[in-house]
Amino acid sequence: MVDLRQIYQSPLNPFPVYRAMRERTPIAMDSRGGVNVFPYQEVQRVLTEFATFPSGFGSDPNDPLSTSLISINPPRHRQMRSIVTQAFTPRVIALLEDRIRQIVDELLSQVAGRGKMDFVTEFTNPLPIIVIAELLGIPASDQEKFKHWSDLIIGNTTSSAIENREATYQKAYMEMYTYFMQMLEKRRNEPKNDLISALTQAQVEGEHLSDMELMGFCILLLVAGNETTTNLIGNAMLCFDEHPEVMDELRANPTLIPGAIEEVLRYRSPVQCMFRSCAVDTKLGETTIKKGQWLTAWIGSANRDESQFPNAETFDIHRTPNRHIAFGHGIHFCIGAPLARLESRIALEELLARFQNIKRDRSRELEHIGSFIVFGVQNMPVTFEAR
């Protein structure tokens, strides 16, 4: 049996626990009766075989996420995914490059003269929030609300707020619900060239999406468009801080940045786990899984599996092949992956071109964001020299 407290108690370095589980108990029950899956092959299978291991965020009909892409399965999943696929094609995403580079330039210009910044709160947090807000058609001035709502959904709560977490969550959820319902109504009456307008006009088999389905889309896009990219860029700096020679190499040869991003995705996966249920009695490895059991597929462990990645504990930006599953696998592969990669590439290109001698201020201890689902830090003070 796995003691999940071991993972939660060392959230900034769960990897020794993952390795121990892969070696000793690769498929392990926890105290709640859940099945925890740690090896690469089995995690990939759980994420891929939707008929055996269907997705499901929850069954509450009043919870918009239960009707969103992350929770539903074919055929409805295929129909719903097709609605937003056109907004995230490589061609469409590529058209965003100039605007993203402008946002990055503005954020870096605000701190360039100081020689220091909080890399998370002043750079990796606002960038994806502004981008997804503009895609949805929502004023970037509401980015603080967006960040607050997104953090609560993925369980990111500071230690001082734990006692009031439920009340805070319910209050914020109602604020978010009201906000998006008002925005959806506005776009129904006055459509614009944005994603929310497209969602209100979309139809599946001749019927418009329900309010709950529309809300599910908005919440999912808010979270997926924010948390993954924020933590991907932040985790890149954590890796570079441990290997400062990598920054020099990337600065000298920026064409290596995409490969470095893929290694960050593997080495410190922004999403550490995903959840599935078991639809039929089956075997996973040597373990029998019963119908109705819940599974946690530990992506962060799978991406450190030595059987798939030689020298898996080594951060290597030249690693090839690099078949990580940081964005999931199969039909639920992250639809926003191209956008996350683009934002991260531009952010690192501009950062390394403009600043040098980037160093983390070690006088302030790193604090994990507070969610075991995703991997990232609350703050990261850094110093630098403008080039």
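Computed from a predicted structure; not experimentally measured.
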Original post:
Could you walk me through whether Asn322 and Glu263 pass the side-chain hydrogen bond (donor to acceptor under 3.5 Å, both in side chains) check?
Top reply: CA-CA 7 Å; Asn322 191 348; Glu263 180 66 348; 3.2 Å; yes
Original post:
Taking all non-hydrogen atoms of both residues, which atom of Thr121 and which atom of Gln378 are closest, and how far apart?
Top reply: CG2-O, 3.9 Å
Original post:
Of all heavy-atom pairs between Pro54 and Ala51, which one has the smallest distance, and what is that distance?
Top reply: CD-O, 4.2 Å
Original post:
Which of parallel (below 30°), tilted (30 to 60°) and perpendicular (above 60°) describes Tyr40 and Phe309?
Top reply: perpendicular
Original post:
So, Glu262 versus His324: side-chain donor-acceptor pair below 3.5 Å or not?
Top reply: yes
Subject >> Aromatic plane relationship, Phe315 with His243 - under 30° parallel, 30 to 60° tilted, over 60° perpendicular >> reply: parallel
Original post:
Is any NZ, NE, NH1 or NH2 atom of the basic residue among Glu306 and Arg22 found under 4.0 Å from an Asp or Glu carboxylate oxygen of the other?
Top reply: no
Subject >> Asn13 atom CG, over 12 foreign heavy atoms within 6.0 Å >> reply: yes
Original post:
Given Trp294 and Phe275, is the ring-ring contact (aromatic ring centres under 6.0 Å, His included) satisfied, shown in steps?
Top reply: CA-CA 7 Å; Trp294 282 91; Phe275 307 104; 7.8 Å; no
Original post:
Of the non-hydrogen atoms in Ser277 and Leu295, which two are nearest, and what is the gap between them?
Top reply: C-CD1, 3.7 Å
**OP:** Give the minimum heavy-atom separation between Gly137 and Arg187, together with the two atoms involved.
**Re:** O-NH2, 2.7 Å
Original post:
More than 12 non-hydrogen atoms from neighbouring residues, nucleotides or ligands closer than 6.0 Å to CZ on Arg387, yes or no?
Top reply: yes
Subject >> Arg362, CZ atom: more than 12 neighbouring heavy atoms under 6.0 Å >> reply: yes
Original post:
Is it true that a side-chain atom of Thr230 and a backbone atom of Thr124 form a donor plus acceptor pair closer than 3.5 Å?
Top reply: yes
**OP:** Kindly indicate, with the supporting measurements, whether the criterion side-chain contact (heavy atoms from CB on, under 4.5 Å) is fulfilled by Leu209 and Ile83.
**Re:** CA-CA 10 Å; Leu209 303 181; Ile83 292 173; 3.9 Å; yes
**OP:** Without swapping roles, check the side chain of Asp118 against the backbone of Glu122 for a donor-acceptor pair under 3.5 Å.
**Re:** no
Original post:
Taking all atoms of both residues into account, what is the closest heavy-atom pair of Val37 and Val43, and its distance?
Top reply: O-CG2, 3.4 Å
Original post:
Would you call the rings of Phe15 and Phe375 parallel, tilted or perpendicular, where under 30° means parallel and over 60° means perpendicular?
Top reply: tilted
Subject >> Within 6.0 angstrom of Glu286 CD, more than 12 heavy atoms from elsewhere >> reply: no
Original post:
Got a sec: does the CG of Asn189 have more than 12 other heavy atoms crowding it under 6.0 Å?
Top reply: yes
**OP:** Tell me, yes or no, whether the heavy-atom count around Glu365 atom CD, taken from other residues, nucleotides or ligands under 6.0 Å, exceeds 12.
**Re:** no
Original post:
Going by side-chain heavy atoms closer than 4.5 Å, which hydrophobic residues are tied to Ile331, directly or by a chain of links?
Top reply: Phe50
Original post:
Is Trp149 reachable from Met181 through a run of hydrophobic residues whose side-chain heavy atoms are each under 4.5 Å from the next?
Top reply: yes
**OP:** Taking atom CZ of Arg364 as the centre, report whether more than 12 heavy atoms of other residues, nucleotides or ligands fall under 6.0 Å from it.
**Re:** no
